[in-house]
Amino acid sequence: MQLEFSFSTYGIVDFYVERHFHHALEIVYCLEGTGKTVLGDRSHKMGPNRFLVIPAGVAHDERRITPMRTICLGLTSGGLHECAGAWSDRDGQLRMACELLVAETSRRRPEYESVVRGLLAQIAALVRRAVQTHDDRLRPPDLVDRAMEIIRSRHGQLSVADLSRHLFVGKDYLRHLFQEYADGSPMRHIIQERISFAQQLLRREDVSIKEVARQCGFESAYYFSRLFKQVTGQTPTEFRRELVRERQGRNQR
């Protein structure tokens, strides 16, 4: 197996690529966003931790429903043409291997060729594993775990509707699953993640409270302060003052 090309892409909403084909087998891994691809005569949904295996010479198109970030790899087949279709990377191992491969090809550090050969072998094995263990029906607890991963990776910068689109499930069903498996609604966990991110930003003295509110997705600094106190028991100002006192106490020891 040899690497023909590797690159990452970012596409805007309603971005469309007409039907085309490649002379190499292509793996398209979706890092974030949602879209659809018609591979041959079958339509496939794309979302985070989903990937396509497109054999050489097979026509396909691409439509991005929300902004998508992907990794594209072109390979001499190595037997992967039998894995054609859309699959799920349940544990994220394939994602890590693809990201490492793109990083290696952009830097070309010592032992580049040996590292690439190892990563290609790993990618091929992980693709075959995904095909052999394929089951599109995520168990409810796994679906909630995936939702929590998305919330954390975005620092809560999304809505319940965004989350349901990422997971291809309805909002009401997602709320039901969260109440049963996550001790609270999706919005509660989104807000908690935003506040957690705000606490990280408030540790930086060069960022104003108004700017913290903006970076955490709150249009109003007043509403942000109220919500921050509801969750933490302190206003952002009080939280920051306590941090200052703690630093001063450590410096005096």
Side-chain angles (χ1 to χ4, degrees), residues 10 13 30-34 47-50 65-69 88-92 95-96 99 138-253:
Y10 183 80
V13 179
C30 180
L31 300 171
E32 62 180 58
T34 56
N49 284 35
R50 294 272 291 174
I65 299 171
T66 62
M68 280 181 67
R69 192 160 58 90
S88 295
D89 177 29
R90 299 294 188 209
D91 54 13
R95 174 183 182 140
M96 289 189 288
E99 289 178 327
L138 274 177
R139 295 184 307 113
D142 295 335
L143 193 62
V144 172
D145 287 344
R146 179 63 189 135
M148 296 294 287
E149 288 175 11
I150 294 171
I151 291 171
R152 286 191 292 269
S153 69
R154 299 277 293 273
H155 299 301
Q157 301 298 299
L158 76 172
S159 66
V160 177
D162 294 331
L163 194 58
S164 68
R165 283 195 295 270
H166 275 295
L167 298 167
F168 302 110
V169 298
K171 291 184 289 185
D172 291 340
Y173 179 60
L174 190 61
R175 292 189 185 101
H176 167 73
L177 292 181
F178 263 74
Q179 291 293 345
E180 185 169 353
Y181 296 103
D183 189 28
S185 68
M187 182 52 69
R188 175 184 172 185
H189 287 276
I190 287 171
I191 289 172
Q192 286 178 335
E193 188 59 37
R194 287 189 186 186
I195 297 302
S196 177
F197 183 46
Q199 289 176 314
Q200 295 179 39
L201 294 176
L202 286 167
R203 296 177 185 279
R204 293 176 47 189
E205 296 179 0
D206 60 325
V207 182
S208 69
I209 290 175
K210 184 176 180 179
E211 178 60 17
V212 171
R214 188 193 67 78
Q215 290 192 34
C216 293
F218 298 98
E219 295 183 3
S220 164
Y222 173 73
Y223 175 66
F224 162 65
S225 295
R226 283 183 54 199
L227 196 59
F228 190 94
K229 186 169 185 178
Q230 287 178 16
V231 175
T232 68
Q234 298 174 300
T235 66
T237 301
E238 290 168 343
F239 178 82
R240 181 167 268 174
R241 284 174 182 165
E242 185 172 311
L243 289 175
V244 172
R245 286 196 295 268
E246 288 176 358
R247 292 192 191 104
Q248 292 174 342
R250 287 195 297 268
N251 292 335
Q252 291 172 0
R253 290 173 190 169

Please give me the minimum heavy-atom distance between [X] and [Y], naming the atom from each residue.
X: I190; Y: S159; value: CD1-C, 4.0 Å
X: D89; Y: R95; value: OD2-N, 3.0 Å
X: C30; Y: G33; value: SG-O, 3.6 Å
X: R240; Y: L202; value: NE-O, 3.1 Å
X: I151; Y: L163; value: CD1-CD2, 3.9 Å
X: I195; Y: T232; value: CG2-CG2, 3.7 Å

**Asked** Is there a donor-acceptor pair under 3.5 Å between the side chain of H189 and the backbone N or O of A182?
**Response** yes

(Q) Determine whether a donor-acceptor pair (N or O, by modelled atom type, separation under 3.5 Å) exists between the side chain of T66 and the backbone of T34. (A)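 Yes, T66 side chain to T34 backbone: donor-acceptor pair under 3.5 Å.
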
Using 0.5 Å steps for rounding, measure from the [atom1] atom of [X] to the [atom2] atom of [Y].
X: I209; Y: F224; atom1: CD1; atom2: CZ; answer: 7.0 Å
X: M148; Y: E193; atom1: CE; atom2: CD; answer: 8.0 Å
X: F178; Y: M187; atom1: CZ; atom2: CE; answer: 10.5 Å
X: F228; Y: T237; atom1: CZ; atom2: OG1; answer: 9.5 Å

Test salt bridge (charged side-chain N to carboxylate O under 4.0 Å, His left out) on R214 and E211 and set out the steps.
CA-CA 5 Å; R214 188 193 67 78; E211 178 60 17; 2.6 Å; yes

Can a donor-acceptor pair be found between the side chains of T235 and S225 at a distance below 3.5 Å?
no

Is there a side-chain contact between R194 and F218 (heavy atoms, below 4.5 Å)? yes

For residues 198-217, the ring pair (Phe, Tyr, Trp, His ring centres under 6.0 Å) pairs (sequence neighbours left out) are none

- Message: Regarding R241 and E238, does a basic nitrogen lie under 4.0 Å from an acidic carboxylate oxygen?
- Response: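 A salt bridge is absent here (no side-chain N lies under 4.0 Å from a carboxylate O).
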
